[in-house]
Amino acid sequence: MPMRPLSAVLDTNVVISGLLWHGAPRDLLDRGTTGDALMLITSPTLILELLNVIALPRFSKRVAATGKSVAELVEGYRDATMLIQPRTIPRVVTDDLDDDHVIAAAVASRAACVVTGDQAHLLPIGIHKGIAIVSPRQCLAMLDR
């Protein structure tokens with residue numbers, strides 16, 4: 001019997017790292033778009049956040065180096081994900097409202113994990129409603145088990 005793919009909501013910082021640099025976040029994006037071991041999940045709010053953040057001037061050289069526009073990068077990511085619309089956005093991360101949208105997408109989709117580099121707000125939570133909150137490297141280790 002085939003195994004179910006690991007379902008994951010990637011925080012915007014991980015998506016941007018994966019789109020613009022090499023390393024564990026890029027490996028996750030590659031595995032989520034080629035193969036069936038990882039299912040990437042996002043929401044319209046997270047896509048809008050990605051669009052707004054990756055368009056910041058501080059990323060312009062890295063975006064240009066990809067040979068794609070901001071819109072093409074975001075569209076490619078969106079097309080590789082399952083889009084979910086959470087019904088509610090619970091208050092979980094008191095210091096960062098944007099992080100609540102990541103948690104909401106994970107809860108609404110019953111994802112196995114949230115993948116983030118946010119050491120200040122999300123990673124310290126560890127687990128929320130049975131959903132692991134892990135770093136990109138930890139997620140890769142979960143995939144390789």
Side chain of [X], backbone of [Y]: donor and acceptor closer than 3.5 Å?
| X | Y | result |
| --- | --- | --- |
| Thr45 | His101 | no |
| Thr81 | Leu83 | no |
| Ser60 | Pro57 | yes |
| Arg62 | Leu20 | yes |

Note, [X] side chain near [Y] side chain (heavy atom, < 4.5 Å):
| X | Y | result |
| --- | --- | --- |
| Gln85 | Pro44 | yes |
| Leu6 | Met39 | no |
| Ile47 | Val74 | yes |
| Asp36 | Arg31 | no |
| His128 | Val107 | yes |
| Leu38 | Pro5 | no |
| Tyr77 | Thr33 | no |
| Thr42 | Leu10 | no |

Under the side-chain contact (heavy atoms from CB on, under 4.5 Å) test, residues paired with [X] that sit two or more places apart:
| X | value |
| --- | --- |
| Glu75 | Arg78, Asp79 |
| Asp99 | Asp11, Val93, Asp96, Asp118, His121, Leu122 |
| Ser109 | Val9, Ile41, Met82, Ile84, Ala111 |
| Arg110 | none |

Distance (rounded to the nearest 0.5 Å) between [X] [atom1] and [Y] [atom2]:
| X | Y | atom1 | atom2 | value |
| --- | --- | --- | --- | --- |
| Ile16 | Asn13 | CD1 | CG | 7.5 Å |
| Thr116 | Ile133 | OG1 | CD1 | 8.5 Å |
| Leu48 | Asn52 | CG | CG | 4.5 Å |

Hydrophobic cluster identity match, [X] and [Y], side-chain contacts under 4.5 Å:
| X | Y | result |
| --- | --- | --- |
| Met142 | Leu40 | yes |
| Val53 | Leu29 | yes |
| Leu143 | Val15 | yes |

Taken in chain and number order and not counting sequence neighbours, the residues that satisfy side-chain hydrogen bond (donor to acceptor under 3.5 Å, both in side chains) with Ser135 are Gln138
All side-chain hydrogen bond (donor to acceptor under 3.5 Å, both in side chains) counterparts of Ser43, not counting sequence neighbours | none
For residues [X] and [Y], report the shortest heavy-atom separation together with the two atoms involved.
| X | Y | result |
| --- | --- | --- |
| Val63 | Ser69 | CG1-C, 4.2 Å |
| Lys68 | Glu72 | CA-OE1, 3.2 Å |
| Ala132 | Ile127 | CA-CG1, 4.3 Å |
| Val115 | Val14 | O-CG2, 3.5 Å |
| Pro136 | Ala24 | CB-CB, 3.8 Å |

Arg137/Asp27 ion pair, N-O < 4.0 Å | no
